[in-house]
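A short worksheet on the structure shown next.
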Amino acid sequence: MNPDLWLPDSDLDPAHRAFAQRLRAFAHDKLAPHARAIDEQRTFRREMVRDLGAAGVLGGPLPTAVGGGGWSPLQLAIAHEELGAVCGNARGFCAVQTGLVADTIARHGNDAQRARWLPGLIAGEAIGCFGLTEPDAGSDVASMRTHAVPQADGGYLVRGQKHWITNGGVADALVLFATVDPAAGRHGITGFLVDTARAGLKREPMPGVELGHRGSDHAVLTFADFRVEPHEVLGPVGKGFGIAMSGLAAGRVSVAAGACGLHRAALAEAVAFTTGRQQFGQPLAQFQMVQERLADMLTSLHMTRGLVHRCARRRAEGAETHADVAMAKLAATEAAARACEEAVMLHGARGYSSAHPVERLWRDVQALRIYEGTSLIQKTILGRMLATPPK
């Protein structure tokens, strides 16, 4: 094997190369030993959170002014590729904890809210979740039904339900979105930042068994006159839609980078298996049809990583567009899905068993095509941009 072909090191300058290697070592030392077990046991591992905090991963992308590491967008992409290559649960946790929760608080919270929550979230002493998705409001966020009923003292009583909330069953802090005026559509949606330890909130695991990311916590949150205090409004009243969308845009880069890591892992497993497996008197990798698949996997990995890194660099320059994010997320997740499919097939019957990682990779990659906006939504975004005349 020649891992230099699929590791990102040769594409990076010395500083970013050292950064990637540090994150890779952390992932292999602290995450890899548990990746299979937490999947098979469907166990959320709290020690993982503390390890991520101690390594500076949870605070890495946040500004130094709020106690973060001040990572560049490219460093974030590199870190989430390394996490995604080893444990999709860890990468998904970071995307929520840091990208959706802590970063949203850092950008839209007031001084008191930042002081209350950011130190614990960065250290891994507190866990956050992002309460946006509802049973009837997934991609169509503006149709959310969770209602924050205004009270005379300036507070609110929240009624409604959220589902598929990652970290929802274990979270201490909840970034919650609800409408204060159902007739106003997206202009009624408001953000709140609340402590989950209070009456009126019922938390239950999502019903059924997840296809992938089984080491994550996914919950249904039901609100019955859940009290929100006036000081817990996050950002201006009625401006929650924009806050939520900005959080999702940041999360899509994490998903795309994580997909590159998962793609990379699938390719590495496929190369290792086909070079070691003998059939008809020679290694499987000597057959041209196998080589064709490996070559396609390698090429698509470098193509999609290039889109992700381009998106990260444009974000650093302030030049990123919705199209940049949509293309990176669409291309990386779909390419990773194809790579995992090929890896399973190249393993034959062995790819059907959890004894080999490719089975878990195939299951985990399906979620990347769905959350933070499905592949169809990304195509819709791009199609509308192409079909809309410039102003």
Side-chain angles (χ1 to χ4, degrees), residues 15-16 18-20 22-27 29-31 45-83 89-131 166-168 170-176 191-197 217 229 231-236 240 243-244 246-254 257-258 312 315-316 318 320:
H16 285 100
F19 178 82
R22 178 174 70 82
L23 267 294
R24 188 178 312 142
F26 163 78
D29 290 346
K30 296 295 185 178
L31 304 178
R45 185 172 169 270
R46 186 68 188 242
E47 293 83 356
M48 173 191 75
V49 181
R50 288 188 279 270
D51 287 340
L52 289 165
V57 176
L58 297 180
L62 299 176
T64 56
V66 298
W71 287 358
S72 69
L74 181 57
Q75 285 177 302
L76 173 63
I78 291 168
H80 283 212
E81 177 177 331
E82 295 300 333
L83 297 179
N89 299 290
R91 201 280 318 159
F93 177 86
C94 290
V96 174
Q97 176 90 345
T98 305
L100 295 182
V101 178
D103 186 61
T104 295
I105 296 170
R107 287 186 292 115
H108 300 286
N110 56 40
D111 289 342
Q113 290 170 329
R114 286 191 285 266
R116 166 72 176 84
W117 288 111
L118 287 182
L121 292 169
I122 289 171
E125 297 169 355
I127 293 177
C129 68
F130 195 74
T166 301
N167 304 343
V170 296
D172 306 292
L174 165 63
V175 174
L176 172 65
F192 304 93
L193 175 59
V194 298
D195 191 319
T196 58
D217 178 87
E229 302 298 335
H231 67 271
E232 294 178 320
V233 176
L234 182 65
I243 293 173
S246 66
L248 292 178
R252 284 170 182 162
V253 177
S254 167
R315 174 169 294 182
E320 178 192 78

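Small disclaimer: the values here were computed from a predicted structure and weren't measured. One is the number of the first residue; the rest follow in order along the sequence.
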If you measure from NE2 on His16 to CG on Leu74, what distance do you get to the nearest 0.5 Å?
4.0 Å

Which one of Thr98, Ile127, Thr166 satisfies the side-chain contact (heavy atoms from CB on, under 4.5 Å) criterion with Phe93?
Ile127

Distance-minimising heavy-atom pair for Ile122 and Leu58:
O-CB, 3.5 Å

Here the pair of heavy atoms bringing Phe26 nearest to Asp51 is CE1-O, 3.6 Å

Checking Val175, Val233, Leu234, Leu174 against Phe192 for side-chain contact (heavy atoms from CB on, under 4.5 Å), the one that qualifies is Val233

Taking Asn167 for its side chain and Gly128 for its backbone only, find out whether a donor-acceptor pair lies under 3.5 Å.
yes

Closest contact, heavy atoms only, Pro73 versus Ala312
CB-O, 3.3 Å

Tell me whether Arg114 contacts the main-chain N or O of Gly109 through its side chain, where contact means a donor paired with an acceptor under 3.5 Å.
yes

So does Leu62 get a backbone contact from the side chain of Asp103, meaning a donor-acceptor N/O pair under 3.5 Å?
no

Say whether, by atom type as modelled, one donor and one acceptor occur between the side chain of Glu81 and the main chain of Ala257 under 3.5 angstrom.
no

Within the distance-only criterion (no hydrogens, no angle test), does the side chain of Gln113 pair as donor or acceptor with the backbone N or O of Leu118 below 3.5 angstrom?
no

How close do Gly168 and Asp217 get, counting heavy atoms only, and between which atoms?
N-OD2, 3.3 Å

Can any side-chain N or O of Gln75 pair as donor or acceptor with the backbone N or O of Pro61 at less than 3.5 Å?
no

Please check this pair: side chain of Thr64 against backbone of Gly70, looking for a donor-acceptor N/O pair closer than 3.5 Å.
no

